[in-house]
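Notes to accompany the following structure.
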Amino acid sequence: MGAPDDRWVYDGVHDSEFIAAWLELMRLGGTAQSGNASGHLVESGYVLPRATGVVKVLSGEQSNSSVIVDDGKSAAILKFFRVLSEGQNPEVEIGAALTAGRTFEVPATLGWVTGEWDAPSGEHHGHPARGELAVAHEFLAGGLDAWRLAVNAASRGQEFTAEAHALGAATATVHRRLAEALGVASESVPGSDIAPGVAQRVRQSWAQAGAAVGPYDDALDRLLLRLEGSGAGPLQRIHGDLHLGQILQVPGGRGKSPRWAILDFEGEPLRPISERNFPDVPLRDVVGMLRSFDYAAGAAVREHPDADVPDTWVDDCAEAFLAGYADVIPGSIDRDSPLFVALWLDKALYEVIYELRNRPDWLSIPVNASRRLLGSTGSGVPAEAAAEGIKMTGSARIDRPGSPLQVDAETLARVAAGEHHAPTRSWARTSMTTGMSPSARSSTSPKPFLL
């Protein structure tokens, strides 16, 4: 038997003709010859480029592949979803709705492709699954990463309040436009849809993070007791994973001021589409941004040994962000409400678990935050109990990377096993996805709008 023929396997996204075919499918709004894919074009005033100029595949992605296409007249970034999910992808649905509403706080959605594929055996009673295969967005050339801008400002001891105020206004604008375009919902019974889920996540996280934070069980119980029956107010579509790493500052051009662009409404690619499309409480996005300011300040002292971050930098950013949000959606956000506090703690405890597993020298950031919150809820934790918590993990005030927060081996072993520091409690473990940072946990690929 002769030697087998040479065979080549390559990724289609590296072929300009392949890219051209997908763009034409969107441009024409037609159906592929195979009949199992159809294109859609968004009438937005933006023009889809042709694959006749620069075609560059971005490297390092996992769940998606992104390709920049620039023909000299217009530019776009074409994202292929490599983990297919049945149903309308939120990045497509939300992006198209915001673009139709002329929301300049997000990259414009230019078009997308919907396809059909064979569903797993036994599903859909023999009918194919249907969902999005690819989407094209406006390419934001020259965008600056908001995370990097914030970290650099903090490291130099510079205010970031003007930027935070503008980010708050941009977040509120997106929330308002989403409510207008996709509607709002209400809980079936006030306090029955959101609060119980938040409480469950906090309990699960505390089972793993409590050993590092300290003996604040009573304070946690009181907080969750206050949360019971708390109504969430109007529910709507939100970003769901908002932080500084999801935002670009884009040059205004022609003498205009820069604008902020919020990216990546896809949610966690490995979660079912149905879960990613649930209406939620806008406070979740607000809390994500506030925690991100805290992390930016922490990152500043780790990256720059001589950084002198003002003690009020994080609080000043938070106040400015909330003020900017209120400028667009009037009415102050009650930071003392049970739901706000619980959502904030949910985020911080997630960060504690992440850092325990991946970056112990960053642990002081979320541990400090969690202790401050639980110690200020009227818990009445005696000084000796707080001291016991510090003894467990070391002083959380040691913020420099050269002096990491100390976590003893016994505590680490208990946390890894899912045990709480108080053996009388037994709560379910929660699964965690590792990644580059806790803020970026829902995105398994770098942000594709920055070249």
Side-chain angles (χ1 to χ4, degrees), residues 168 171-172 175 179 184-210 213-243 278-294 314-315 318-319 321-323 325-326 329-353 366-381 385-386 389 420 422 425 427-428 430 438:
T171 301
H175 283 167
V184 297
S186 59
E187 296 182 284
S188 54
V189 176
S192 66
D193 295 345
I194 300 299
V198 175
Q200 182 182 25
R201 284 192 299 272
V202 170
R203 292 282 192 197
Q204 291 174 335
S205 295
W206 186 251
Q208 299 180 65
V213 176
Y216 290 96
D217 300 80
D218 291 342
L220 184 80
D221 288 342
R222 275 188 286 270
L223 167 61
L224 297 183
L225 184 62
R226 289 178 58 214
L227 180 64
E228 289 182 6
S230 296
L235 307 179
Q236 62 167 85
R237 302 294 291 278
I238 64 171
H239 185 283
D241 186 33
L242 190 60
H243 53 82
F278 284 147
D280 206 341
V281 56
L283 277 180
R284 197 180 301 278
D285 284 346
V286 172
V287 164
M289 284 299 299
L290 299 188
R291 291 298 310 133
S292 194
F293 290 129
D294 192 21
V314 175
D315 288 339
E319 293 295 339
F321 179 87
L322 294 175
Y325 193 96
I329 301 179
S332 61
I333 293 175
D334 183 4
R335 297 171 72 176
D336 293 324
S337 71
L339 182 58
F340 183 98
V341 174
L343 285 167
W344 192 98
L345 185 60
D346 178 30
K347 188 84 168 179
L349 292 178
Y350 172 91
E351 295 161 356
V352 171
I353 299 170
V367 163
N368 261 338
S370 300
R371 287 176 180 172
R372 284 195 297 269
L373 181 139
L374 290 170
S376 64
T377 55
S379 62
V381 175
H420 189 260
R425 305 292 179 91
W427 294 314
T430 181

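None of the values given here were measured: they were computed from a predicted structure. We count residues from 1, following the sequence as given.
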task: State plainly whether the residues Arg203 and Asp346 are in salt-bridge range, i.e. N to O under 4.0 Å.
output: no

query: Does the side chain of His175 reach to within under 4.5 Å of the side chain of Tyr325, using non-hydrogen atoms?
result: yes

task: For the residue pair Leu235 and Val184, establish whether any side-chain heavy-atom pair is separated by less than 4.5 Å.
output: no

task: Give the C-alpha distance, both sets of side-chain angles, the deciding distance and a yes or no for side-chain contact (heavy atoms from CB on, under 4.5 Å) between Phe321 and Thr171.
output: CA-CA 9 Å; Phe321 179 87; Thr171 301; 3.7 Å; yes

- request: Report yes or no: does Arg371 contribute a side-chain atom to a donor-acceptor pair with the main-chain N or O of Val213 at less than 3.5 Å?
  value: yes

- request: Indicate yes or no for a side-chain donor-acceptor contact from Ser292 to the backbone of Gly288 under 3.5 Å, with no hydrogens or angles considered.
  value: no

- request: Only one of Asp221, Leu349, Ile353, Val352 passes side chain to side chain contact (heavy atoms under 4.5 Å, CB included) with Trp206; say which it is.
  value: Leu349

- prompt: Out of Val202, Leu283, Ile194, Leu227, which residue meets the side chain to side chain contact (heavy atoms under 4.5 Å, CB included) rule with Leu343?
  reply: Leu283

message: Before you tell me yes or no, could you show the steps for Leu374 and Leu345 under side-chain contact (heavy atoms from CB on, under 4.5 Å), namely the whole-Å CA-CA distance, both residues' side-chain angles and the distance that decides it to 0.1 Å?
response: CA-CA 9 Å; Leu374 290 170; Leu345 185 60; 4.0 Å; yes

[atom1]-[atom2] distance between [X] and [Y], expressed to the nearest 0.5 angstrom:
| X | Y | atom1 | atom2 | answer |
| --- | --- | --- | --- | --- |
| Leu290 | Asp315 | CG | CG | 10.0 Å |
| Leu322 | Met289 | CG | CE | 10.5 Å |
| Ser370 | Tyr350 | OG | OH | 14.0 Å |

- request: Show your working on side-chain contact (heavy atoms from CB on, under 4.5 Å) between Asp334 and Phe340 and close with a plain yes or no.
  value: CA-CA 7 Å; Asp334 183 4; Phe340 183 98; over 6 Å; no

- prompt: Listed by chain and number, what are the salt bridge (charged side-chain N to carboxylate O under 4.0 Å, His left out) partners of Glu319, not counting sequence neighbours?
  reply: Arg335

Ser337: side-chain hydrogen bond (donor to acceptor under 3.5 Å, both in side chains) partners, not counting sequence neighbours: none

- request: Verify side-chain contact (heavy atoms from CB on, under 4.5 Å) between Glu351 and Arg291, making sure each step is shown before the conclusion.
  value: CA-CA 10 Å; Glu351 295 161 356; Arg291 291 298 310 133; 2.7 Å; yes

Minimum heavy-atom distance [X]-[Y], with the two atoms named:
| X | Y | value |
| --- | --- | --- |
| Ile329 | Ala172 | CD1-O, 3.6 Å |
| Ala232 | Val281 | O-CG2, 3.9 Å |
| Asp193 | Ser186 | OD2-O, 4.3 Å |
| Val198 | Ala342 | CG1-CB, 3.7 Å |
| Pro234 | Pro282 | O-CD, 4.0 Å |
| Glu187 | Ser230 | OE1-O, 4.4 Å |

query: Got a sec, which pairs hit salt bridge (charged side-chain N to carboxylate O under 4.0 Å, His left out) with one end in residues 279-289, sequence neighbours left out?
result: Asp280-Arg284

